[in-house]
Protein chains: 2
Amino acid sequence: MTTTSPQGRTELLRPDGSPVRVLVVDDEPSITELLSMALRYEGWQIRSAGDGTGAVQTAREFRPDAVVLDMMLPDMDGLTVLGRLRRELPDVPVLFLTAKDAVEDRIAGLTAGGDDYVTKPFSLEEVVARLRGLIRRSGAADRRSDSVLVVGDLTLDEDSHEVSRAGEGIHLTATEFELLRFLMRNPRRVLSKAQILDRVWSYDFGGQANVVELYISYLRRKIDAGREPMIHTRRGAGYLIKPAAS
Amino acid sequence: MTTTSPQGRTELLRPDGSPVRVLVVDDEPSITELLSMALRYEGWQIRSAGDGTGAVQTAREFRPDAVVLDMMLPDMDGLTVLGRLRRELPDVPVLFLTAKDAVEDRIAGLTAGGDDYVTKPFSLEEVVARLRGLIRRSGAADRRSDSVLVVGDLTLDEDSHEVSRAGEGIHLTATEFELLRFLMRNPRRVLSKAQILDRVWSYDFGGQANVVELYISYLRRKIDAGREPMIHTRRGAGYLIKPAAS
DNA sequence: CTACAACCTGTGATTTTCCTGAGAAACGCA
DNA sequence: TGCGTTTCTCAGGAAAATCACAGGTTGTAG
């Protein structure tokens, strides 16, 4: 089931209307903090654990709809944790967190069962998007929820990564796509450059804050070119997207 | 009976609409785990057993529509297990798992009865495809479900392994065929290189991830050569296939 | 009206990602 | 066993994406 919050955000709900529950497992408190805040902001209920033992215990009583699991835990191997989690919750989808270079060599089968992974350092939008996808496909959320965002005559498909305005297909790069997704998930709402940087770029991004301006510029060229603009600047506050009409 | 899931995937169902039931028997927990995950993702109901005794017991009460059976079990010979299974479930199709160098004459004899086998290490796509075939032919699922995948003017027959585009036959190697099948079972959906590797290559593949790029390249040469391309790269995300039209 | 801050965007360097040719190794089959 | 086919590694090159920098433009406070 999906519902639309007063701010215009669309959020996932379980079939009975209660909020989605997510368990976050990582040994670095800064990471669990970061993720917990971001996921709570989605309207989800979050619990966290710092090791495998805690993860299995918490899973048993919390019964989450999805798990975010760091592959590198102090007390046990990632796959061992996975096995024990599966014994408790056979159908729960898992989003693995893994180091960039670890994904190259050894861990096969991460996506075999419909699970997914992101590499550290990740962007919050990426984690949220993948979690939404996992939850949607697992059937924990209502099936009517689909993967297409619509604002005015602009549509963005999270599965096929296709974007079109007024029926015309538009090619976006990965970063442009994530930025647009973030804007479209918060239509008519002003998002500050800091917010955008925090959500769309990886948490360790150390560059200049004006990349946001740059990418807004790119997006405008592709989305608004020769049309009624949908992306607007609120000087001193940030940016927002809204249907061209109003 | 077949139905189309929210993801656009087509899944097998029994005539009464309930999910297909599959029993997985292997003594290595990592194998039963991997298979259970992958088969559950097909929308099937899975039980697993680690030895012959457990297999027969579980079969008795679970009454699966198909069985995946490792021929090398700790407590009894594969043929013995098969015999006892047959006593419980005379008509259930069995997919044998066997080591590559195992005596294939015995297996060959067994598969005459409509059963099938794959050698370890297998790819998940291969197991799923063969299971689908077995279930379809056994009549446990609706017969109308056929074995031909179609995307645009491209068709792939899972039974005869024939592929053609715009009526013109195309010869593919085994790996190319499995890759194309995976793409075609998920049309218009971006599949990451990791996903492709996990499903199409054997679970013990330890090589470079760029084999995927290589085989995509091979496929393009055969499928898209001189035509409107159907296989598309989403840089930084993966690949997808879709009809040439859109 | 002016001056400043905020924002926009062209240019190009750097990095990342992807494609594909060549050849080695493994495989299948006669 | 020998030969053709298939699979895969390696590496060079092409293409695309990302980002810093800097000069230009616009909005706004005073």
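Convention: sequence-line order gives letters A, B, ...; per-chain numbering from 1. Below, each value reflects all heavy atoms present in this structure, side chains not excepted, and no hydrogens, waters or symmetry copies.
- For A/T233, the side-chain atoms get nearest to C/dC7 when compared with the rest of D/dA17, C/dG21, C/dC7.
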Could you give me the CA-CA distance, side-chain angles and deciding distance for B/L39 and B/V128, then say whether side chain to side chain contact (heavy atoms under 4.5 Å, CB included) is met?
CA-CA 7 Å; B/L39 302 183; B/V128 168; 3.8 Å; yes

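- For the pair B/K193 NZ and C/dT16 C1', the computed distance is 10 Å after rounding to whole Å.
- Comparing A/G238 and B/R221 along DNA chain C, the residue whose closest nucleotide (by nearest heavy atom) sits nearer the 5' end is A/G238.
- Among C/dT9, D/dT18, D/dA16, the nucleotide with an atom closest to any side-chain atom of A/A174 is D/dT18.
- Here the two rings, on B/W201 and B/Y215, have centers that are under 6.0 Å apart.
- A distance of 6.0 Å or more separates the ring centres of B/Y239 and B/H232.
- Using modelled atom types and a 3.5 Å distance limit, the side chains of A/T98 and A/T119 yield no donor-acceptor pair.
- Distances were taken from every side-chain heavy atom of A/R235 (C-beta onward) to each of D/dT9, C/dT9, D/dT28; the shortest belongs to D/dT28.
- Here the nucleotide nearest the side chain of A/R220, chosen from D/dC8, C/dC8, D/dA11, is C/dC8.
- Between A/F205 atom CZ and D/dT18 atom P the separation is 11 Å, expressed in whole Å.
- Residue contacts for A/L214: at a heavy-atom cut-off of 4.0 Å it reaches a base atom on one of the strands shown.
- For the pair A/Q208 CD and C/dA6 C1', the interatomic distance rounds to 16 Å; values are reported in whole Å.
- Between B/Y239 and C/dC19, a side-chain N or O to OP1/OP2 separation shorter than 4.0 Å is present.
- Neither OP1 nor OP2 of D/dT7 sits under 4.0 Å from any side-chain N or O of B/W201.
- Annotation: the span from A/D157 atom CG to A/R181 atom CZ amounts to 11.0 Å, rounded to 0.5 Å.
- Separating the CG atom of A/N210 from the P atom of C/dG10 is a distance of 14 Å, rounded to the nearest angstrom.
- Rounded to whole angstrom, the span from the CD atom of A/E176 across to the C1' atom of C/dT9 amounts to 14 Å.
- Rounding to whole angstrom units, CZ of residue A/R234 and P of C/dC7 are separated by 12 Å.
- Looking at B/Y218, its side chain comes within 3.5 Å of the base of D/dC8 through a donor and an acceptor atom.
- One can place NE2 of A/H232 at 22 Å from P of C/dA6, the figure rounded to the nearest angstrom.
- Here A/R185 contributes atom CZ and A/I241 contributes atom CD1; the two are 13.5 Å apart, rounded to the nearest 0.5 Å.
- A/F177 comes within contact range of no nucleotide atom at all, as no heavy-atom separation falls under 4.0 Å.
- Closest approach to the B/T173 side chain among C/dG10, D/dA17, D/dT7 is made by D/dT7 (side chain taken as heavy atoms from C-beta onward).
- Nucleic acid contact class of A/E213 (heavy atoms, under 4.0 Å, all strands): base.
- Counting to the nearest Å, the C1' atom of C/dC18 and the CD1 atom of B/I196 are 13 Å from each other.
- Side-chain nitrogen and oxygen atoms of B/T175 include at least one within less than 4.0 Å of the OP1 or OP2 phosphate oxygen of D/dT7.
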